[in-house]
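Down below is the structure, laid out as structure tokens.
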Amino acid sequence: MDDSSLVWDDGALVTIDQRALPHEVRELRLSTVDQVIDAIKALAIRGAPAIGIAGAFGVVIATAAHTVDGVVDEAAVRAEADRIAAARPTAVNLAWAVRRVLAKVGRGADAVLAETLDMLAEDGRVNRAAATNAADLVQRLCPDRPLRVLTHCNTGRLATSAFGTAIGTLRVLSERGAIEQVLVDETRPLLQGARLTTWELAEAGIPHRLTIDSAAAWAMATGQVDCVLVGADRVTANGDVANKIGTYGLALAARHHGIPFVVVAPESTRDLAMATGREIVVEERAAAEVTGFGGVATAPAHTEVFNPAFDVTPAELVTAVVTEQGVVHRSDRSHGAAIADIARELYRRGWMPGTAGNISVRTGATAVVTGSGLSKGELTERDMVTVRVSDSAPVADHGRRPSAETTIHTAVYRTRPAQAVVHVHPPFATALATRSAVPGTPGTLRITDYELIKGLGGDPAVADIPVFPNWPEVPRIGADIERYLLDHPDALPVLVIAGHGITAWGEDLAQARDRAECLEALCELVSRTGSPAALGPRDDFLEIGLT
């Protein structure tokens with residue numbers, strides 16, 4: 001077989017039987033739906049992307065089997081598809097892939113096959129892109145030295161269809177000469193690390209050592225690990241990660257020792273419809289997988305067993321989740337520390353007095369925002385709330401409420417490619433915009449002829465700053481802002497709410513803060529020098545004196 005672990009051949013799915021590795025490379029030929037389901041359940045095919053594509057081929061087989069004289073029995077195919085999707089409940093890719101190809105069933109088996117082959121081709125490209133993004137991140141986190149990387153379970157071409165995710169990242173790093181050695185967890189209870197990952201790393205010529213799962217924390221403590229790289233079977237909206245059992249313990253140890261813990265997965269593994277990992281169904285497997293191995297009993301007969309196939313690592317322990325789209329999640333804690341640092345700085349300036357003001361960082365489909373009612377001078381990384389960008393709702397019970405102005409932040413994220421928002425109350429910008437504002441009426445503040453204008457990122461000669469009414473209902477302010485930003489795609493990345501403060505955004509926290517500082521400096525110049533500015537209804541400016 002070629003580098004792909006899944007091949008379609010004359011009406012059958014051909015793959016490597018992973019149960020036989022590493023001692024035998026045995027070909028498995030699957031031509032019925034029951035064979036596909038059995039292969040997935042028995043872990044002859046395993047790994048979230050791989051079982052997703054295998055499930056799609058199962059739908060191809062079902063469609064062909066239930067087609068008579070060119071007419072597809074769609075109800076029968078959907079019933080078979082439901083059985084396929086239920087074969088492994090934890091990994092989201094299986095249900096995702098089955099749904100994707102089911103959309104083509106009405107067009108016949110050839111259309112379903114074409115969609116599945118497209119998915120197969122995409123998988124290799126997606127894996128390589130995700131692996132490259134993750135390698136770039138790892139080298140930023142651990143620069144200037146060959147790396148000692150620990151990995152868990154198997155995340156290579158056997159677990160996908162080609163190249164791999166976490167192992168794909170190791171391959172990219174190895175190509176760059178950036179790998180000293182890989183430490184491979186054996187991965188109980190089925191030894192996917194010992195049987196499969198070592199086989200793939202040897203095949204790729206990457207230096208590695210095998211270790212027992214329970215030695216991983218000690219390897220970190222004794223300075224033998226620079227970074228942990230793992231894959232995922234499901235990533236929820238808040239960044240919780242379901243992966244092979246043992247991953248959670250690795251994340252805890254990595255956090256304790258200050259070691260980056262990076263998850264590499266395709267976008268198809270992200271389940272944004274699921275808020276947190278508490279909703280994930282964790283599959284439990286047969287007791288015999290623990291009470292013995294290779295047909296040899298290792299525990300007394302009738303010993304009761306706890307054998308979860310997966311665990312769920314909380315988002316706060318994950319340094320980053322990386323997909324083909326780049327870094328799509330960073331932990332609340334890492335973002336929270338940066339937010340808290342900037343909040344304390346702005347508090348000392350008097351821009352976030354008491355509990356006023358709020359800061360957020362986008363994390364893909366969610367955002368991390370400061371909690372409500374907290375003194376910004378005492379803010380810590382634990383005082384953050386994760387909310388959905390789509391509707392501003394918290395994705396979990398954090399024990400805190402998000403800041404009242406969260407709807408302003410999410411309005412920006414829904415309409416701009418911003419990664420951070422700062423909402424503060426600096427005196428000059430707030431006073432200047434408020435002084436002549438008409439209550440309940442939107443306006444625009446125009447400032448001209450200052451060099452600092454270019455710091456806002458627009459026309460270097462003219463800065464038109466939208467001024468929004470300060471409604472008692474903050475979501476109404478957010479709705480006004482969202483409408484304005486949709487109607488004005490070229491608007492500057494700053495705005496003012498009369499009597500309420502200013503909001504600025506950027507590609508990161510530093511840029512958002514810098515833009516807020518620039519706007520405040522401009523407003524201070526205008527106020528202190530008595531320079532003319534314009535403040536009036538939107539697109540209709542009235543010259544006012546500011547002496």
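FYI, the numbering just counts along the sequence from 1. Model, not experiment: these values are computed from the prediction. Just so you know, these numbers use all the heavy atoms, side chains as well, and skip hydrogens, waters and symmetry mates.
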Legend entry - Heavy-atom closest pair, residues Ala254 and Val228: CB-CG2, 4.3 Å
Legend entry - Distance in Å, Thr187 OG1 paired with Ile245 CD1, rounded so as to fall on 0.5 Å steps: 11.0 Å
Legend entry - Backbone N/O of Ala79 and side chain of Asp82: donor-acceptor pair under 3.5 Å: no
Legend entry - Exceeds 12 heavy-atom contacts within 6.0 angstrom, atom CG of Asp110: no
Inset, instruction - Look up atom CZ in Arg416 and atom CD in Glu507, then write down how far apart they are to the nearest 0.5 Å. - result: 13.5 Å
Legend entry - Residue pair Thr406 / Asn358, side-chain heavy-atom distance below 4.5 Å: no
Legend entry - Beyond-backbone contact of Asp233 with Ile280, side-chain heavy atoms, under 4.5 angstrom: no
Inset, instruction - For residues 262-275, pull every pair meeting salt bridge (Lys or Arg N to Asp or Glu O under 4.0 Å), keeping only residues two or more places apart or in separate chains. - result: Arg234-Asp271, Glu267-Arg270
Inset, instruction - For residues 47-76, pull every pair meeting salt bridge (Lys or Arg N to Asp or Glu O under 4.0 Å), keeping only residues two or more places apart or in separate chains. - result: Glu74-Arg78
Inset, instruction - Might you point out which heavy atoms bring Ser174 and Ile179 nearest each other, and give the distance in Å? - result: N-CG1, 3.7 Å
Legend entry - Distance-only polar pair, side chains of Thr276 and Asp240, donor-acceptor under 3.5 Å: no
Legend entry - Any pair counted as salt bridge (Lys or Arg N to Asp or Glu O under 4.0 Å), so long as it reaches residues 84-100, sequence neighbours left out: Arg88-Glu283, Arg100-Glu115, Arg100-Glu122
Inset, instruction - With sequence neighbours excluded, tell me which residues meet side chain to side chain donor-acceptor pair (under 3.5 Å) with Thr211. - result: none
Legend entry - Closest non-hydrogen atom pair between Ile259 and Thr319, with its separation: O-OG1, 4.4 Å
Legend entry - Close side-chain approach of Leu191 to Arg188, heavy-atom, < 4.5 Å: yes
Legend entry - Side-chain donor-acceptor contact under 3.5 Å, Thr197 with Asn154: yes
Inset, instruction - To the nearest 0.5 Å, tell me how far Thr132 OG1 sits from Phe163 CZ. - result: 6.0 Å
Per-pair distances, 0.1 Å, donor-acceptor, side chain in residues 293-310, under 3.5 Å, sequence neighbours excluded:
unit_1	atom_1	unit_2	atom_2	d
Thr298	OG1	Thr291	O	2.9
Thr303	OG1	Pro300	O	2.7
Asn307	ND2	Ala286	O	2.9
Asn307	ND2	Glu289	OE1	3.0

Legend entry - Gly277 versus Val312, closest heavy-atom pair with distance: CA-CG1, 3.8 Å
Inset, instruction - Would you confirm whether Thr15, through its side chain, and Ser5, through its main-chain N or O, come within 3.5 Å as a donor-acceptor pair? - result: yes
Legend entry - Heavy-atom side-chain proximity of Glu186 to Asp213 below 4.5 angstrom: yes
Legend entry - 4.5 Å side-chain heavy-atom contact, Thr236 and Glu279: no
Inset, instruction - Check whether any side-chain heavy atom of Val368 lies under 4.5 Å from a side-chain heavy atom of Ile339, and answer yes or no. - result: yes
Legend entry - Verdict with supporting geometry, Asn243 and His152, side chain to side chain donor-acceptor pair (under 3.5 Å): CA-CA 9 Å; Asn243 195 49; His152 190 69; 5.8 Å; no
Legend entry - Side-chain (Asn133) to main-chain (Thr323) donor-acceptor, under 3.5 angstrom: yes
Inset, instruction - Would you give the length of the straight line joining atom CG of Leu113 to atom OG1 of Thr63, rounded to the nearest 0.5 angstrom? - result: 10.0 Å
Legend entry - Heavy-atom check, side chain of Val421 versus side chain of Ile408, under 4.5 Å: no
Inset, instruction - Spell out, as yes or no, whether a donor-acceptor pair under 3.5 Å connects the side chain of Arg171 to the backbone of Ala204. - result: no
Inset, instruction - Hey, could you give me the OG/CZ distance between Ser390 and Arg414, rounded to the nearest 0.5 Å? - result: 7.5 Å
Inset, instruction - Supply the atom-to-atom distance Gln192 CD to Cys153 SG, rounded to the nearest 0.5 angstrom. - result: 4.0 Å
Legend entry - Ion pair Arg176/Asp136, N-O distance below 4.0 Å: yes
Inset, instruction - For the pair Thr269 and Asn93, evaluate side chain to side chain donor-acceptor pair (under 3.5 Å) and give the outcome as yes or no after the intermediate values. - result: CA-CA 6 Å; Thr269 302; Asn93 300 66; 3.1 Å; yes
Inset, instruction - Answer with yes or no whether the side chains of Ser403 and Glu405 bring together a donor and an acceptor at under 3.5 Å. - result: no
Legend entry - Taking every non-hydrogen atom, the tightest pair across Val77 and Ala62: CG2-O, 3.9 Å
Legend entry - Pairs satisfying ring-ring contact (aromatic ring centres under 6.0 Å, His included), at least one member in residues 40-96, at least two apart: Trp8-Phe57
Inset, instruction - Write down the atom of Leu250, the atom of Ala216, and the distance for their closest heavy-atom approach. - result: CD2-CB, 3.4 Å
Inset, instruction - Please name the residue in the list Leu229, Val241, Thr247, Leu150 that meets the side-chain contact (heavy atoms from CB on, under 4.5 Å) test with Phe261. - result: Thr247
Legend entry - Close side-chain approach of Glu27 and Ile16, heavy atoms under 4.5 Å: no
